[in-house]
Amino acid sequence: MTDQPEEVRRLVEAIEALEAIEDDAEAARAATAVLDEWPNYHAQLRELRQRRVQALKAKGQTWKQIADEALGGVHPTRAQQIATGKRGTKRPKADEAE
């Protein structure tokens, strides 16, 4: 975890702090509160990543450079998909999950 950005480290530490809550009910409430807010943050993070990938492409980087350097080794096609807002196939869209 040492080579991750500070912001990622702080997020992981926050999750570990939830795990460290001794009272089961309090820990469950705290985890529920985070999960209730997570869909908004998840969408915000996806949009942030999309905008930044688009900005890198606009600055002249190739899809391979973006895929390798900014996105940690995904396939260049996936970098293009991220730029257009296409979701991966790991999870269905919210309206499909119901």
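Quick caveat, the model's predicted, so the values are computed rather than measured. Worth knowing before you read on, the calculation uses all heavy atoms, side chains too, and leaves out hydrogens, waters and symmetry mates.
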Q: Tell me, please, which residues at least two apart from Lys57 pass salt bridge (charged side-chain N to carboxylate O under 4.0 Å, His left out).
A: none
Q: Working note: Gln80 + Thr84, criterion side chain to side chain contact (heavy atoms under 4.5 Å, CB included); need CA distance, chi angles, decisive distance, verdict.
A: CA-CA 6 Å; Gln80 287 180 283; Thr84 62; 5.9 Å; no
Q: For a quick test of reading the model, state the closest non-hydrogen atom pair linking Arg78 to Arg49 and the distance between them.
A: NH2-NH2, 3.9 Å
Q: Ignoring hydrogens and angles, write down the donor-acceptor pairs under 3.5 Å from the side chains of residues 22-38, residues two or more places apart or on other chains.
A:
residue : atom : partner : partner atom : Å
Asp23   : OD2  : Ala25   : N            : 3.2
Asp23   : OD2  : Glu26   : N            : 2.7
Thr32   : OG1  : Ala28   : O            : 2.8

Q: How long is the straight-line distance from CD of Glu16 back to CG of Leu11, given to the nearest 0.5 Å?
A: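 Between Leu11 CG and Glu16 CD, I get 10.0 Å after rounding to 0.5 Å.
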Q: Walk me through it: do Arg87 and Arg46 pass the test side chain to side chain contact (heavy atoms under 4.5 Å, CB included)?
A: CA-CA 9 Å; Arg87 291 174 168 244; Arg46 287 188 55 219; 3.1 Å; yes
Q: Could you identify which residues cluster with Trp63, counting Ile, Leu, Val, Met, Phe, Trp and Tyr as linked when any side-chain heavy atoms lie under 4.5 Å apart, either directly or through a chain of such contacts?
A: Val53, Leu56, Ile66, Leu71, Val74, Ile82
Q: For Glu6, check side chain to side chain donor-acceptor pair (under 3.5 Å) against everything at least two apart and list the hits.
A: Arg9
Q: Side chain to side chain contact (heavy atoms under 4.5 Å, CB included) with Gln44: which residues, sequence neighbours excluded?
A: Tyr41
Q: Once salt bridge (charged side-chain N to carboxylate O under 4.0 Å, His left out) is applied, what residue pairs with a partner in residues 62-71 remain, sequence neighbours excluded?
A: Lys64-Asp68
Q: Would you say Gln81's side chain and Lys86's backbone share a donor-acceptor pair under 3.5 angstrom?
A: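 Not at all, since once roles are kept as given, no pair shorter than 3.5 Å links the two residues.
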Q: To the nearest 0.5 Å, tell me how far Arg10 CZ sits from Gln4 CD.
A: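 Taking CZ in Arg10 and CD in Gln4, the distance rounds to 13.0 Å.
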